[in-house]
Amino acid sequence: MTVPVRQFDAVIVGAGGAGMRAAIELAEAGLSVAVLSKVFPTRSHTVAAQGGIGASLGNMSDDNWLWHMYDTIKGSDWLGDQDAIEYMCRMAPQVVYELEHFGMPFDRNADGTIYQRPFGGHSANFGERPVQRACAAADRTGHALLHTLYQRNVRERTQFFVEWMALDLVRDAEGAVLGVVAMEMETGDVYVLQAKATIFATGGAGRIFAASTNAFINTGDGLGMTARAGLPLEDMEFWQFHPTGVAGAGVLITEGVRGEGGILLNCNGERFMERYAPNLKDLASRDIVSRSMDQEIKEGRGCGPHKDYVLLKLDHLGPDVIMKRLPSIREIAIKFANADPIKEPIPVVPTIHYMMGGIPTNIHGQVVAPRHGDPGVVVEGLYAVGECACVSVHGANRLGTNSLLDLLVFGRAAGDFIVSRNLAALAHKALPPDAGDASLARLARLDAATSGERVADVGNELRRTMQSHCGVFRNEALLAEGVAKVMELEDRVARSAIDDKSRTFNTARVEALELDNLIEVAKATIVSALARHESRGAQARSDYPNRDDVHWLKHTLWYREGNRLDYKPVHLTPLSVESFPPKARTY
């Protein structure tokens with residue numbers, strides 16, 4: 001069967017913040033752009049970001065991009081690439097002012113400047129004191145951002161393909177990427193979307209864990225497609241636990257609550273963070289706060305009938321601050337925790353939140369894969385931006401507010417770089433004769449299977465396995481057992497079957513295709529975690545409690561073929577300033 005082909009200058013997979021920010025640059029330059037999304041663009045997961053965008057505007061007190069850079073490197077536990085981090089922190093004020101000019105409704109100070117709130121791990125003068133750096137729109141920053149970018153794209157006449165799912169990359173014999181094979185959910189029809197530039201902006205993959213702040217669409221589709229195309233995934237062992245997910249529901253309570261003055265308490269009513277991080281207390285880095293909470297619970301100081309959560313107290317802030325600065329948080333607490341924060345504390349627990357690893361890229365968003373000993377060789381025609389990418393500004397642990405900053409800076413950078421290549425003047429490369437065959441074979445297998453594993457059962461088992469074997473604290477025995485279980489699950493994924501064979505809006509088929517991507521992400525995560533014999537950032541190994549810069553100051557690269565691991569050096573040299581050499585992290 002020949003697959004129908006549609007041609008564009010650029011195809012962007014994912015219509016969250018990163019995809020839409022890149023699309024603005026391309027559409028403004030007059031290129032033909034197709035943006036694919038499994039959901040309507042303003043329903044992308046960026047909409048759930050609450051706290052703010054980190055940028056050293058200095059509206060509340062003195063601030064400097066160099067301090068922001070230092071905080072980001074320290075937060076990353078020195079696994080972040082310092083050239084990329086410098087680029088991001090220097091660009092931060094510019095992308096925020098651009099958003100303001102696009103019409104984003106930031107909160108304001110009395111003098112009309114953008115209001116900035118304190119946030120975990122952000123400091124002035126290299127860790128001396130907390131600084132207010134998070135540019136916020138109440139506690140709905142991601143929501144405001146996504147709508148602002150969508151309106152701008154409508155103005156630029158960007159072409160959206162809503163409720164489409166990308167299935168696989170198309171590569172030629174030289175390995176250049178020529179577009180994607182995609183399925184229109186409404187009809188079940190499959191197309192090759194041919195492009196001179198293909199940008200993955202597919203977001204995170206937090207659905208590999210049972211307790212997650214991630215939306216159901218966050219199934220790591222870009223990572224699965226990249227792995228199946230034979231390209232590596234970087235630093236996949238590093239997953240951030242957000243300290244404050246609503247206990248039992250996993251819904252996010254922004255760090256902005258602690259930025260505004262909320263505090264964490266154990267069952268004795270004690271503000272326990274003073275013991276673990278005497279300087280920044282509740283505003284220490286996320287990995288530190290999550291582990292401290294886990295420690296309190298493990299040592300029997302948790303709250304509730306099962307002593308399995310701690311409390312987030314904000315009633316002392318007063319109704320005015322809560323209603324003005326944290327209105328959605330109050331709504332979430334009432335709906336999901338049955339607690340009105342104006343009167344009572346919210347039960348919270350660390351919940352999987354953000355993927356620091358992803359598809360390896362450089363600062364232009366170009367995907368890179370090692371060749372002949374050079375780790376920075378560009379994969380022609382393929383770009384990745386946002387949470388699915390690993391330009392490694394987050395290293396082993398992301399600093400709060402840097403996720404929205406990352407997608408704005410690198411979405412824009414990739415767009416700019418592609419525009420500079422003058423795509424309109426280039427011809428489309430010839431598609432290989434078998435373009436689309438692999439995707440059609442995957443679909444045919446699902447359609448032909450009359451019996452097999454239920455997709456939901458295998459998916460739930462995968463999430464339980466990852467949660468119990470690859471959680472806040474890890475060790476050799478747990479991880480090794482987890483790897484064996486994930487490998488068994490991979491066999492079960494290959495035998496999955498669906499009852500519904502219809503073509504129109506077949507959500508069962510979509511979920512089966514998503515499971516193919518989830519299993520790749522889970523393998524990459526747990527195999528990489530087992531191999532890394534140290535604790536760094538979000539990877540906390542009870543059997544290797546210390547950071548080991550001698551052996552492990554390097555990025556992991558996982559390849560699907562044979563679960564092979566390779567490594568590459570961390571860039572410790574910034575673009576224009578002195579390097580920040582590794583040292584112990586204290587808050």
Taking atom NE2 of His306 as the centre, report whether more than 12 heavy atoms of other residues, nucleotides or ligands fall under 6.0 Å from it.
-> no
Pairwise side-chain contact, Val348 with Leu311, heavy-atom cut-off 4.5 Å (strictly under) = no
Minimum heavy-atom distance Leu557-Pro360, with the two atoms named = CD2-CG, 4.0 Å
Just by distance, with hydrogens left out, do Asp81 and His555 show a side-chain donor and acceptor under 3.5 Å apart?
-> yes
Does a side-chain N-to-carboxylate-O contact under 4.0 Å join Glu514 and Arg207?
-> no
Does the side-chain contact (heavy atoms from CB on, under 4.5 Å) test come out yes or no for Asn268 and Arg301, once each step is laid out?
-> CA-CA 7 Å; Asn268 306 326; Arg301 293 188 292 279; 3.8 Å; yes
Are Arg133 and Asp71 within salt-bridge range, i.e. N to O under 4.0 Å?
-> yes
Distance col, row Ser392:OG vs Asn362:CG, nearest 0.5 angstrom, shows 13.0 Å
Indicate whether the side chain of Thr573 and that of Gln82 have a donor and an acceptor atom separated by less than 3.5 Å.
-> no
Yes or no on side-chain contact (heavy atoms from CB on, under 4.5 Å) for Met466 and Ile526, after CA distance, side-chain angles and deciding distance?
-> CA-CA 8 Å; Met466 292 301 291; Ile526 201 158; 4.2 Å; yes
Identify the two heavy atoms, one from Gly80 and one from Val570, that lie closest to each other, and give their separation to 0.1 Å.
-> O-CG1, 3.4 Å
Would you indicate whether the side-chain heavy atoms of Ser576 and Glu86 approach each other to under 4.5 Å?
-> yes
Nearest heavy-atom contact between Gly365 and Ala414 is CA-CB, 4.3 Å
Taking every non-hydrogen atom, the tightest pair across Met236 and Val521 | CE-CG1, 3.7 Å
Tell me, yes or no, whether the heavy-atom count around Lys335 atom NZ, taken from other residues, nucleotides or ligands under 6.0 Å, exceeds 12.
-> no
Please determine, by modelled atom types, if Thr525 and Trp239 share a side-chain donor-acceptor pair under 3.5 angstrom.
-> yes
Just by distance, with hydrogens left out, do Arg108 and Thr113 show a side-chain donor and acceptor under 3.5 Å apart?
-> no
Pick out which of Leu314, Asp340, Val257 makes a side chain to side chain contact (heavy atoms under 4.5 Å, CB included) with Ile322.
-> Leu314
Tightest non-hydrogen contact, residues Arg21 and Leu408, listed as CG-O, 3.6 Å
Counting heavy atoms not belonging to Asp62, are there more than 12 under 6.0 Å from its CG?
-> no
Just wondering, do Tyr87 and Val393 contact through their side chains at under 4.5 Å, heavy atoms?
-> no
Asp139 and Arg325 ion-paired at < 4.0 Å = no
Contact check, side chains of Gln132 and Ser61, non-hydrogen atoms, under 4.5 Å = no
Rounded distance [0.5 Å steps], CD1 in Ile208 versus OG1 in Thr219 = 11.0 Å
Arg271 with Asp282: basic N within carboxylate O range, under 4.0 Å = yes
Ion pair present between Glu260 and Arg117, side-chain N to carboxylate O less than 4.0 angstrom?
-> yes
Any side-chain donor near an acceptor of the partner, His394 and Asp406, under 3.5 Å | yes
Does CD in Glu578 sit with more than 12 non-hydrogen atoms of other residues, nucleotides or ligands closer than 6.0 Å?
-> no
Electrostatic pair Arg412-Glu98, nearest N-O below 4.0 angstrom | yes
Salt bridge or not for Glu476 and Arg541, using N-O below 4.0 Å?
-> yes
Which distance, rounded to the nearest 0.5 Å, do you find between the OG1 of Thr361 and the CD of Glu234?
-> 8.0 Å
In this structure, CD of Glu387 is separated from OG1 of Thr46 (nearest 0.5 Å) by 9.0 Å
Checking Lys74 against Tyr587: charged group under 6.0 Å from the ring centre and within 45 degrees of the axis?
-> yes
Compute whether any side-chain donor of one residue and acceptor of the other, for Asp287 and Asn397, lie under 3.5 angstrom apart.
-> yes
Side-chain contact, heavy-atom cut-off 4.5 Å: Cys267 with Lys307?
-> yes
Is atom NE2 of His147 surrounded by more than 12 heavy atoms (other residues, nucleotides or ligands) closer than 6.0 Å?
-> yes
Greater than 12 external heavy atoms within 6.0 Å of Asn125's CG | yes
For the residue pair Cys135 and Glu100, establish whether any side-chain heavy-atom pair is separated by less than 4.5 Å.
-> no
Say you draw a straight line from CG of Leu79 to CG of Asp549; how long is it, rounded to the nearest 0.5 Å?
-> 9.5 Å
State, yes or no, whether a side-chain contact exists between Phe410 and Met88 at a heavy-atom distance under 4.5 Å.
-> yes
Which atom of Trp67 lies closest to which atom of Ala124, heavy atoms considered | CE3-CA, 3.7 Å
Are the ring centres of His533 and His551 closer than 6.0 Å?
-> no
With a distance cut-off below 6.0 Å to the six-membered ring centre and an angular limit of 45° from the axis, does Arg463 pair with Phe209 as a cation-pi contact?
-> no
Below 4.0 angstrom, N of the basic side chain to O of the carboxylate: do Glu296 and Arg275 qualify?
-> yes
Is it the case that Thr556 and Glu237 place a side-chain donor and acceptor less than 3.5 Å from each other?
-> yes
CG-CD distance between Leu265 and Glu270, expressed to the nearest 0.5 angstrom = 9.0 Å
Apply the side chain to side chain contact (heavy atoms under 4.5 Å, CB included) test between Asp235 and each candidate in Met355, Arg532, Lys554, Gln539; give the one that qualifies.
-> Arg532
Determine whether more than 12 heavy atoms belonging to other residues, nucleotides or ligands lie under 6.0 Å from atom CZ of Phe126.
-> yes
Verify the distance criterion only: is there a donor paired with an acceptor across the side chains of Ser535 and Arg474 at less than 3.5 Å?
-> no
Would you tell me whether Ser212 and His353 have side-chain atoms, one donor and one acceptor, within less than 3.5 Å of each other?
-> no
Dump the intermediate steps for salt bridge (Lys or Arg N to Asp or Glu O under 4.0 Å) on Glu344 and Lys313, then the final yes or no.
-> CA-CA 7 Å; Glu344 58 205 318; Lys313 171 178 157 60; over 6 Å; no
Is any side-chain heavy atom of Met69 closer than 4.5 Å to a side-chain heavy atom of Phe580?
-> yes
